[in-house]
A.B. asks: 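Please see the structure below; I have some questions.
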Amino acid sequence: MTAAEAKLKAAKILQGSGLYGDAASRAYYGVFHAISALHLASGNSFSSHAQLIGRFNKDFVHTGIFAPAFTRILTRLFEDRQLGDYDATAEITPEQANQDITDAHQIIQAIRTHLTPKT
């Protein structure tokens, strides 16, 4: 979860510098690391983004642990990350980057809450 928080912090810094594509990419990676932590806590690890996302949806969204909206958000975050990292002609707007950061924060916090031991 430390890596997730660090990526989210980097996203905010990049957004503040006007680097919206990079901000969107870091927002996605914040969620990627949070979901990785969630899987590790369940005794699983995955080598690809597709496997990680697919099992998140299967094990945590379809079972009702997390809201179905997380699937849509995660898909959009991944697509924005692809645009920001690989599409030289695409442009992530300030609004997209802001939404990505907001949504990444929501997912990371939900996962942190889920992983926090109940007392």
Side-chain angles (χ1 to χ4, degrees):
M1 290 304 296
T2 301
E5 295 292 344
K7 299 299 184 223
L8 189 59
K9 182 178 180 180
K12 292 174 185 177
I13 292 168
L14 290 163
Q15 179 192 30
S17 298
L19 300 169
Y20 305 116
D22 291 326
S25 178
R26 295 301 94 189
Y28 165 76
Y29 275 108
V31 173
F32 175 87
H33 286 292
I35 292 172
S36 293
L38 186 63
H39 283 308
L40 284 171
S42 298
N44 296 312
S45 66
F46 302 97
S47 60
S48 77
H49 293 263
Q51 289 174 326
L52 182 103
I53 293 168
R55 282 297 294 270
F56 172 74
N57 289 327
K58 180 181 178 189
D59 296 347
F60 299 100
V61 174
H62 294 155
T63 59
I65 295 171
F66 294 107
F70 281 18
T71 297
R72 292 185 297 279
I73 292 168
L74 184 53
T75 299
R76 193 194 71 247
L77 289 172
F78 181 77
E79 290 169 354
D80 285 355
R81 175 247 167 185
Q82 293 286 97
L83 290 175
D85 285 352
Y86 299 113
D87 190 336
T89 62
E91 185 174 322
I92 300 291
T93 67
E95 294 79 19
Q96 281 175 286
N98 186 59
Q99 188 64 58
D100 288 348
I101 291 167
T102 298
D103 289 341
H105 176 77
Q106 177 188 6
I107 292 173
I108 290 167
Q109 287 306 111
I111 291 172
R112 178 176 296 289
T113 298
H114 178 77
L115 290 174
T116 301
K118 314 297 185 258
T119 55

A.B. asks: I73 vs Q106, test: side-chain contact (heavy atoms from CB on, under 4.5 Å). Steps then yes/no.
C.D. replies: CA-CA 10 Å; I73 292 168; Q106 177 188 6; 4.0 Å; yes
A.B. asks: Could you report the tightest heavy-atom contact between A97 and I92, atom names first, then the distance?
C.D. replies: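 Shortest heavy-atom contact: N-CG2, 3.9 Å.
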A.B. asks: Indicate the atoms forming the closest heavy-atom contact of I101 with A11, along with that distance.
C.D. replies: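 Closest pair (atom of I101, atom of A11, distance): CD1-O, 3.5 Å.
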A.B. asks: Taking the side chain as everything from C-beta on, heavy atoms only, tell me whether Q96 gets closer than 4.5 Å to T93.
C.D. replies: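 The answer is yes, as the side chains (C-beta and beyond) meet within the 4.5 Å cut-off.
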A.B. asks: Are L83 and F78 linked, directly or through other ILVMFWY residues, by side chains that come within less than 4.5 angstrom of each other?
C.D. replies: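 Per the 4.5 Å side-chain linkage, L83 and F78 are not co-clustered.
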A.B. asks: Determine whether the aromatic ring centres of Y28 and H49 lie less than 6.0 Å apart.
C.D. replies: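 Yes - the distance between ring centres of Y28 and H49 falls below the 6.0 Å cut-off.
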A.B. asks: How about T116 and R112: do any of their side-chain heavy atoms sit closer than 4.5 Å?
C.D. replies: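 Yes. Closest side-chain heavy atoms under 4.5 Å.
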A.B. asks: Has the side chain of E5 got a donor or acceptor atom that lies under 3.5 Å from a matching backbone atom of T2?
C.D. replies: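 No.
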A.B. asks: Could you pull out the closest heavy-atom pair between S25 and R81, with the gap in Å?
C.D. replies: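 Scanning both residues, the minimum pair turns out to be OG-CG, 3.8 Å.
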A.B. asks: Ignoring hydrogens, what is the shortest heavy-atom contact between A41 and L115? Give both atom names and the distance.
C.D. replies: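 That closest heavy-atom pairing would be CB-CD2, 3.6 Å.
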A.B. asks: State, with a plain yes or no, whether a side-chain heavy atom of N44 is found less than 4.5 Å away from one of R55.
C.D. replies: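 Yes. Closest side-chain heavy atoms under 4.5 Å.
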A.B. asks: Are M1 and I108 side-chain neighbours, meaning at least one heavy-atom pair lies under 4.5 Å?
C.D. replies: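 Result yes, sub-4.5 Å side-chain heavy-atom pair found.
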A.B. asks: Can you check whether S36 reaches F46 side chain to side chain, under 4.5 Å on heavy atoms?
C.D. replies: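 Answer no - side chains too far apart.
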A.B. asks: Roughly how far, to the nearest 0.5 Å, is CD1 of I13 from CG of D22?
C.D. replies: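 One finds 12.5 Å between CG of D22 and CD1 of I13.
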A.B. asks: Find the distance between CZ (F60) and NE2 (H114) and round it off to the nearest 0.5 Å.
C.D. replies: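 Here the interatomic distance stands at 5.5 Å.
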A.B. asks: Would you check if the distance from the ring center of F56 to the ring center of F66 is below 6.0 Å?
C.D. replies: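 That pair passes the under 6.0 Å test.
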A.B. asks: To the nearest 0.5 Å, what is the distance between NE2 (H33) and CG (L52)?
C.D. replies: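 Result: 10.0 Å between the selected atoms.
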A.B. asks: Do side-chain atoms of Q51 reach the backbone of S47 as a donor and acceptor pair under 3.5 angstrom?
C.D. replies: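 Judged by distance alone, yes, a pair lies under 3.5 Å.
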A.B. asks: For the NE2 atom of H39 and the CD1 atom of I111, what is their distance to the nearest 0.5 Å?
C.D. replies: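 Here the interatomic distance stands at 8.5 Å.
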A.B. asks: Of the non-hydrogen atoms in R26 and A10, which two are nearest, and what is the gap between them?
C.D. replies: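 Distance-wise, the nearest heavy atoms are CG-CB, 4.2 Å.
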A.B. asks: Indicate yes or no: at least one non-hydrogen side-chain atom of L77 is less than 4.5 angstrom from one of Y29.
C.D. replies: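 No, too far: nothing below the 4.5 Å cut-off.
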A.B. asks: Once side-chain hydrogen bond (donor to acceptor under 3.5 Å, both in side chains) is applied, what residue pairs with a partner in residues 65-77 remain, sequence neighbours excluded?
C.D. replies: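 Residue pairs with at least one partner in residues 65-77: N57-T71, R76-D100, R76-D103.
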A.B. asks: Side chains of I53 and L74: closer than 4.5 Å at any heavy-atom pair?
C.D. replies: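 Contact flag for I53/L74 side chains = yes.
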